[in-house]
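Taking it in order: structure first as structure tokens, then the write-up.
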Amino acid sequence: MDYDVKITGGTIIDGTGATGVVGDVGIRAGKIVAMGGAAGSATTTIDAANRVVAPGFVDVHTHYDAQVMWDRMLTISPWHGVTTVVMGNCGFGIAPTRPQHRKLILRTLEKVEGMSFDALKAGVGTEWPFETFPEYLDAVERRGTVINIGVLIGHTPVRLYVMGEEATQRAATEGEIAQMRAIVREAIDAGAVGFATSKAPTHVGYAGRPVPSRAADLAEVQAIADALREAGRGVVQATVGPGLFFDEFAKLAESSGRTVTWTALLAGMLGPGSHRMLLDRSIDLVRQGFTVVPQVSCRPLNFDFDFKEPFAFESLPMFAGVSAADLEGKTRIYRDPGFRESLKSAYGSSMAGPFANFGGRLWVSSFPLDHSLEERAIEDVADERGVHPIDAMLDLALESKLAARFRMAVINFDEDAVAELLTDEHTVLGLSDAGAHASQLCDACFSTHLLGHWVRDKGTLTLEEAVRMLTTRPAEVFGITDRGRLTLGVPADVVVFDPQTVGASPLRRVHDMPAGADRLVADAIGIEAVIVNGQVIRRDGKDVVETDGPLPGRLLRNGRAA
């Protein structure tokens, strides 16, 4: 046979933004060896007439760090055409971790990534095959994955490794900073694609404490980032919060000499219309010579939650006690009239950002005592009951012993504003959060949503523009040098999709996590074939590889397969 795989008659969109052309693609030995014409025979032929043939999609903001230890298929990203992911964002991860800190790191992920501790414990297991970050990379590479992965080293596990439980409570000493810098440099030398940190107030860890990275001062972050300058490679990923915004981005870009990409620039994050001011501030840094790239999202940030773990509200001051309380303590707080009044004050304040008057953006997603209330806005339920929406919400939670679930559009729901962010040349698509918040949200379907909603339905982007945003643009920002485009000689990561039907299904809840834990998933529509390193891994919505056999994904050390 001339080719292992031949894709015939499709519209080839190469990821560069160039106009698509009809032709064939030939793949042999894991690489693209023919484009345009591909005369000859093939072991596998895919008829792509009236379909788009594009590079595999690149998702640069995931949290598969723990899931990769039990799910080599990294579901659900490949369903939606993603062939490369970057994990370790927001400063989180499970390496390096000392044996005595394993419970602490999993408890931290339980809180900030909305995952069941029992699921994490069962999935990762009791015998971790690593302690250091280089050992973690080796362990992941030995296990194998169906798609390609790059890994950021996270500030939170590094700080915990050096400082123990005090990592959440105080500034580091010069000696501790030197140890952290050395660990990060070692990680970059071993293949980390960069360093990630966070100051986000929503990032609350075990026992209601801030995650360790939030206790770091800027001098510490700069000293660590200097390891990237010394290495001459890597990206800095920063999640915004008090003490980590534009002025600090400039200093980090200067300290590291590397790209700083920040999470996330969302419509309405500081009130209506604030996206324009924030984007202009970020662009101004670029004009000053700093390579600073905001991550944007093409989907509303919806959180599905219950009041056992009210992640969507944890940035509000009155929820500080909730985060640290047990189930009985939470119940007592939710009954307290003073707590309710403080929450009502925030609800009625224009200064409360996305928490102001959210009643029309919060739905009952599950109420086991009365299913007729499900998928109804809480303000409608409140009107029927003759109470304030805050009372209706908390009453439903208490009536169900905190089993009721709610879905809230927190931010990024103004589509005119989102369109401005998606079409600006200075942004990059990010924040899918695939692998995190599994029971609360599912944005791992961002790629099919972009192609269906923003290309076909709204016409905000052309197909060529959208494919570039899903491929070459994120690869360039994160220093992934051998993915994201279709050209001769590159690894054959390819997606074939139907532009007339591509999209994401409504969310559904499944119980397929370790220990029977649940998560939300969305099915892909119109993704007809997914190919990784020349091997077909999905056809017509089904996996076509043996999940317990050799898999084609590669670990991208420093953004490139060895």
Side-chain angles (χ1 to χ4, degrees), residues 4-5 27 29-30 43-44 46 56-57 59 62-88 93-95 102 106 109 115-116 118-130 135-151 191 434-436 438 442 444-445 483 491-496 508 510-524 527-557 561-562:
D4 299 321
V5 179
I27 299 169
T43 302
T44 299
I46 298 172
F57 305 145
D59 184 353
T62 80
H63 292 279
Y64 282 124
D65 310 76
Q67 186 175 327
V68 71
M69 301 309 295
W70 69 79
D71 176 16
R72 300 196 306 152
M73 302 299 287
L74 294 182
T75 53
I76 63 171
S77 288
W79 302 2
H80 296 271
V82 171
T83 59
T84 297
V85 297
V86 176
M87 56 199 200
I94 58 174
R102 289 173 181 171
L106 294 185
L109 294 184
M115 301 178 74
S116 156
D118 290 338
L120 288 166
K121 185 178 177 182
V124 179
T126 56
E127 298 299 323
W128 293 23
F130 61 88
E135 289 169 349
Y136 173 75
L137 291 185
D138 291 344
V140 170
E141 191 168 39
R142 282 194 304 271
R143 283 182 53 77
T145 52
V146 77
I147 59 177
N148 310 302
I149 59 172
V151 189
C442 176
C445 57
R483 311 286 150 170
D493 294 347
V494 187
V495 178
V496 180
R508 57 188 177 89
V510 297
H511 291 78
D512 63 352
M513 297 284 275
D518 67 303
R519 64 170 172 164
L520 293 169
V521 299
D523 297 302
I527 297 290
E528 301 197 358
V530 182
I531 299 169
V532 176
N533 291 308
Q535 183 174 344
V536 180
I537 65 165
R538 287 183 66 81
R539 286 296 303 269
D540 302 321
K542 295 183 175 63
D543 292 332
V544 292
V545 291
E546 295 295 331
T547 59
D548 57 353
L551 295 176
R554 302 292 296 274
L555 175 65
L556 304 182
R557 294 182 187 262

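All figures in this text were calculated on a predicted structure; none of them were measured in a lab.
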**Message:** As a quick check of understanding, evaluate side chain to side chain donor-acceptor pair (under 3.5 Å) for T75 and R519, giving each step before the final call.
**Reply:** CA-CA 11 Å; T75 53; R519 64 170 172 164; 2.9 Å; yes
Of all heavy-atom pairs linking A434 and Y64, the shortest is CB-OH, 3.5 Å
d(T62 OG1, I149 CD1) to nearest 0.5 Å is 8.5 Å
Between T145 and L551 the two heavy atoms that sit nearest each other are O-CB, 3.3 Å
Residues at least two apart in sequence or cross-chain that pass salt bridge (charged side-chain N to carboxylate O under 4.0 Å, His left out) with D493, listed by chain then number, are R483
Looking only at heavy atoms, the pair that brings R539 and I46 closest together is NH1-CG1, 3.5 Å
Indicate yes or no for a side-chain donor-acceptor contact from T44 to the backbone of V5 under 3.5 Å, with no hydrogens or angles considered. no
- Query: Within a strict 4.5 Å, meaning less than it, do heavy atoms of the V536 and V545 side chains meet?
  - Reply: no
Interatomic distance, CG@L109 vs OG@S116, rounded to 0.5 Å, equals 12.0 Å
By side chain to side chain contact (heavy atoms under 4.5 Å, CB included), D523 pairs with (sequence neighbours left out) W79, S505, R508
- Task: Say whether, by atom type as modelled, one donor and one acceptor occur between the side chain of N148 and the main chain of T83 under 3.5 angstrom.
- Result: yes
*Is a side-chain N or O of D65 found less than 3.5 angstrom from the main chain of G88, in a donor-acceptor match?*
yes
query: Would you say D71's side chain and M73's backbone share a donor-acceptor pair under 3.5 angstrom?
result: yes
>> Contact between L137 and V151 at the side-chain level, heavy atoms closer than 4.5 Å - yes or no?
In response: yes
Scanning both residues in full, the closest heavy-atom pair of A436 with H63 reads CB-CB, 3.6 Å
Distance col, row Q67:CD vs M513:CE, nearest 0.5 angstrom, shows 5.5 Å
Original post:
Is there a side-chain contact between I537 and D543, using heavy atoms and a 4.5 Å cut-off?
Top reply: no
A66 and I94 have their tightest heavy-atom pair at CA-CD1, 4.0 Å
The reported gap from CZ in R72 to CG in D548 (rounded to nearest 0.5 angstrom) is 7.0 Å
Output for pair (L520 CG, D518 CG), nearest 0.5 Å, gives 7.0 Å
So, D59 side chain and V85 main chain: donor-acceptor pair closer than 3.5 Å or not? no
- Message: Any non-hydrogen side-chain atom of I76 less than 4.5 Å from a side-chain atom of H80?
- Response: yes
If we ignore hydrogens and angles and just use 3.5 Å, is the side chain of Y136 paired with the main-chain N or O of P129 as donor and acceptor? no
Test salt bridge (charged side-chain N to carboxylate O under 4.0 Å, His left out) applied to R557 and E141, step by step | CA-CA 10 Å; R557 294 182 187 262; E141 191 168 39; 2.7 Å; yes
Closest heavy-atom pair, M115 versus W70, reported as atoms and distance to 0.1 Å, is CE-CH2, 4.0 Å
When rounded to the nearest 0.5 Å, the distance separating CG of L120 from CZ of R102 is 14.5 Å
